Protein chains: 2
Amino acid sequence: VATVEQVRQALAGVQDPELKRNLVELGMVHDLDVRGGAVHFTLALTILACPLRDKIIAEARAAVLSLEGVETVEVALREMSQEERQAVLPKEEGGAAARLNHIGRVLAVMSGKGGVGKSLVAGLLAVALRREGYTVGILDADITGPSIPRLFFDQVPPLRNTPLGILPAESRTGIKVMSINLLLPREDEAVIWRGPLIGRAIQQFWDDVLWGDLDMLVVDLPPGTSDASLTVMQSLPVGGVLLVTSPQGLAAMVVRKAARMVQQMGGRMLGVIENMSYALCPDGVTRLEVFGPSHTQEIAIEVGVPLLGQLPLDPRIAITCDAGQIEDYPAAEFVPIARRVAETAGLRPAGILEALTHRR
Amino acid sequence: VATVEQVRQALAGVQDPELKRNLVELGMVHDLDVRGGAVHFTLALTILACPLRDKIIAEARAAVLSLEGVETVEVALREMSQEERQAVLPKEEGGAAARLNHIGRVLAVMSGKGGVGKSLVAGLLAVALRREGYTVGILDADITGPSIPRLFFDQVPPLRNTPLGILPAESRTGIKVMSINLLLPREDEAVIWRGPLIGRAIQQFWDDVLWGDLDMLVVDLPPGTSDASLTVMQSLPVGGVLLVTSPQGLAAMVVRKAARMVQQMGGRMLGVIENMSYALCPDGVTRLEVFGPSHTQEIAIEVGVPLLGQLPLDPRIAITCDAGQIEDYPAAEFVPIARRVAETAGLRPAGILEALTHRR
């Protein structure tokens, strides 16, 4: 039969992955009780919503169970008090959340030009990947014209601030969302900030948001090649850039500017998506090229990336998105695009089990 | 009969309105010759394209003609040499152009959201006012995604740099245009600048461009409420703001942010224009509301400004604009809008004679 001291020793062999110290030293182990082969203790976590919680518990259980004579391990959880937490957390808390997060891939959606459907593509991509079973987040890097919350929420959900960072909002299907509009008193409040503040806000969305474990974080960039795009490309580990354009030659010209920026900054472009390619007349057949004939294949060739797909201008998209119900939009035409992006970005295929588990 | 000295005295009574010193003192009068009632002299101008040239000549002629015995005055013109100019111009040349310009009204076209048609509205407004006989300029304040040159020029015209400032490009019908894209080696060159540089570029478009005499300068703002919009609203004498939106609720939300910015900065909103309200099917009757039903009347009421008009989504606009021929687009639906803007902005009505003179 194991002694209390042996169990404590075993737990002292388990590290908090973020704080890099063992559980005993961190004062996380309480109420340790050993009755025959049954071990019980309480783990005081810095924060109950800690994304690494399950990992810590699993390791603690395994360590104790490896002791001879231990048959069962019961772990109760509680949150540390403010004082306990202050004693444990490093003085410099900046970026604490970032160290806790595990983000597989960061993909930036960019166009240079506004109004071509960056946010729509970012949203549809997140929805499609989520449907395939991936864990997905969207970082809305458009600080002055944020669109993402409007696509996913009918009412802006309240954000929870924790000592380790801000918990992102979660959509109905479990997509994590962070946007300046979730922090404003009203969604139409103006954010009249010069560049340095814009850059700092985006940096905080990376450093101070508890994204947790994500297969992919989609970053929705604002138009332009100024502060927001610069900060994202310089400070975030962007693994790929998706370009969005409309058929117009004018849009094509500005999108080429964006492509040049990515090239100059050593980024990797995964492909181009054309939005608003045509509208369908009520007869269901006649296609209206409302922005004129497409120039996108030319850009794709010039820039040297594949044209991943063309999306129609469907009034139902606008209506669904305006109502915060992008997750209800079937977007059949987006499924192959999302699969190709997942493949190009090197996402491991999500299993059916994961797909089922992640659905709510 | 007047003596050479009397003529020189008369010319010493004429001031250069910009340099605030008289023509003789400035060394502008040369080759002075008096034969009976016929006076001849050469005026050396700091720059031949000087916007105040005609004013200076007229005043000089009048001064000399007022002398007894003078019957005719012949004025030849030449440009000062580099040395002459350096001796005359003030050391601090920054803003020299701004002091030479006479700009009646500055009107900013803003939307907050990208891709709703700010540049198109700015362009159509300039074209319509020009057709009515006004002198018009467009300052393209979108530094990272400039659209204006593409609308007006098939090929980007070379800019002329003068010691007093940069001469803006002139469109076929005489609209003066300044845009970062006129200064780049290629129109798709990326301008990867952070906010302070963006602001400085716009400031220079105001300070260092020889706009000359304009009834109205239309400022095409980029999306967002960051550096560009801030600099324009804080540093330029903006007399009115025109809001542009699309029917989408999402656009409406972002446009409300822009309206709040204008309110917070004490600006004056002249009205809202809705773009891309509907597309017309080939049957010429069926209207497709490609962005869903309009939310613009609600914004107009909420913000307290008139809805000045709704523009259709016409593929010919995209095609005409992509070809640099916006001045050929009839835009009949824009005529009443432009007249209303001119009236609200307090432009004096342009006479028929002016309208005829200004056309080329």
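Values below: every heavy atom of this structure, side chains too, minus hydrogens, waters and symmetry copies. Residue numbering restarts at 1 for every chain, and letters A, B, ... go by the order of the sequence lines. Fair warning: this is a prediction, and the values are worked out from it, not measured in the lab.
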If you tally heavy-atom pairs under 4.5 Å against chain A, which of B/T231, B/D314, B/D283 wins?
B/T231

Inspect the contact between A/R194 and B/D227 and indicate whether a charged nitrogen and a carboxylate oxygen are less than 4.0 angstrom apart.
yes

Could you tell me which portion of A/L120 (side chain, backbone, both or neither) has an atom closer than 4.5 angstrom to a non-hydrogen atom of chain B?
neither

Quick one: closest heavy-atom pair of B/P223 and A/P223, and the distance?
CG-CG, 3.8 Å

Which region of A/S229, side chain (C-beta onward) or backbone (N, CA, C, O), has a non-hydrogen atom less than 4.5 Å from a non-hydrogen atom of chain B, or is it both or neither?
neither

Contact part of A/E189 toward chain B, heavy-atom cut-off under 4.5 Å: side chain, backbone, both or neither?
both

B/I148 versus chain A, the contacting section by heavy-atom distance below 4.5 Å
neither

Sort out for me which of A/G115, A/A323, A/A259, A/A251 touches chain B most, counting heavy-atom pairs under 4.5 Å.
A/G115

To the nearest 0.5 angstrom, please state how far the CG atom of A/L250 sits from the CG atom of B/L151.
6.0 Å

Considering only heavy atoms and a distance below 4.5 Å, find which of A/V191, A/L230, A/V254, A/I198 pairs most often with chain B.
A/L230

Quick one, A/R186 and B/R260 - any side-chain contact, counting heavy atoms below 4.5 Å?
yes

With a 4.5 angstrom heavy-atom cut-off, could you sort out which part of A/N181 is near chain B: side chain, backbone, both or neither?
side chain

Would you indicate whether the side-chain heavy atoms of B/T286 and A/C281 approach each other to under 4.5 Å?
no

Identify which part of A/L288 has an atom lying under 4.5 Å from any heavy atom of chain B, answering side chain, backbone, both or neither.
side chain

Could you walk me through whether B/L313 and A/F291 pass the side-chain contact (heavy atoms from CB on, under 4.5 Å) check?
CA-CA 8 Å; B/L313 184 52; A/F291 287 106; 3.9 Å; yes

Atom group of B/V116 that falls short of 4.5 Å from chain A, counting heavy atoms
neither

Checking B/Q248 against chain A: side chain, backbone, both or neither under 4.5 Å from a heavy atom?
both

Do you know which of A/G145, A/A318, A/C321 has the most heavy-atom pairs under 4.5 Å to chain B?
A/A318

Basic-acidic side-chain contact under 4.0 Å: A/E187, B/R256:
yes

Chain B heavy atoms under 4.5 Å from A/I319: which part of the residue, side chain, backbone, both or neither?
side chain

Under 3.5 Å, side chain of A/K257 to main-chain N/O of B/D188, donor-acceptor pair present?
no

What do the steps show when you test A/M253 against B/D322 for side-chain contact (heavy atoms from CB on, under 4.5 Å), and what is the final call?
CA-CA 10 Å; A/M253 183 266 285; B/D322 277 351; over 6 Å; no

Structural part of A/I192 lying under 4.5 Å from a heavy atom of chain B:
both

Could you look at B/P146 and say if it's the side chain, the backbone, both or neither that has a heavy atom under 4.5 Å from chain A?
both

Under the 3.5 angstrom rule, does the side chain of A/T225 hit a backbone N or O of B/A190 as a donor-acceptor pair?
no

What part of A/L280 is in contact with chain B, defined as an atom under 4.5 angstrom from a non-hydrogen atom: side chain, backbone, both or neither?
backbone

Is the backbone N or O of A/S226 less than 3.5 Å from a side-chain atom of B/T144, with the two atoms forming a donor-acceptor pair by type?
no

Any idea which of B/G117, B/A279, B/G249 has the most non-hydrogen atom pairs under 4.5 angstrom with chain A?
B/G249

At a heavy-atom separation under 4.5 Å, does A/Q263 approach chain B through its side chain, its backbone, both, or neither?
neither

